[in-house]
*Asks:* 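Quick one: this structure, given as structure tokens, is what I'll be asking you about.
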Amino acid sequence: MATKVAINGFGRIGRLAFQAMAEQGLVGKEFDVAAVVDISTDAKYFAYQLKYDSIHGRCAKPLLTERAVPRRRR
């Protein structure tokens with residue numbers, strides 16, 4: 001079972017952490033990125049930042065943005 005993680009902010013360090021997990025093949029296997037906390041940006045822009053990052057290099061993995069449906073607590 002994968003460990004759920006949240007990334008607090010998607011600036012330079014948040015993107016680097018996500019890319020490192022993705023490049024090592026850990027996303028979906030060892031880690032599930034459950035949330036990215038950044039109140040001023042939406043998921044489509046996060047994907048754009050990863051896809052066209054001119055500083056740290058473009059993300060070679062396919063990117064998908066979708067809105068999750070939260071589960072109700074019992």
*Asks:* For Leu16, does the CG atom have more than 12 heavy-atom neighbours from other residues, nucleotides or ligands under 6.0 Å away?
*Replies:* yes
*Asks:* Which value, rounded to the nearest 0.5 Å, describes the distance between Phe46 atom CZ and Arg15 atom CZ?
*Replies:* 10.0 Å
*Asks:* Any side-chain heavy atom of Arg58 sitting closer than 4.5 Å to one from Asp53?
*Replies:* no
*Asks:* With under 30° as parallel and over 60° as perpendicular, where do the rings of Tyr48 and Tyr52 fit, or are they tilted in between?
*Replies:* tilted
*Asks:* Looking at side-chain heavy atoms only, is the closest gap between Phe10 and Phe18 below 4.5 Å?
*Replies:* yes
*Asks:* Which value, rounded to the nearest 0.5 Å, describes the distance between Glu30 atom CD and Gln24 atom CD?
*Replies:* 10.5 Å
*Asks:* Measure the CG-CE distance between Asp32 and Met1 for me, rounded to the nearest 0.5 Å.
*Replies:* 8.0 Å
*Asks:* Look up atom CD in Gln19 and atom CD in Gln49, then write down how far apart they are to the nearest 0.5 Å.
*Replies:* 10.5 Å
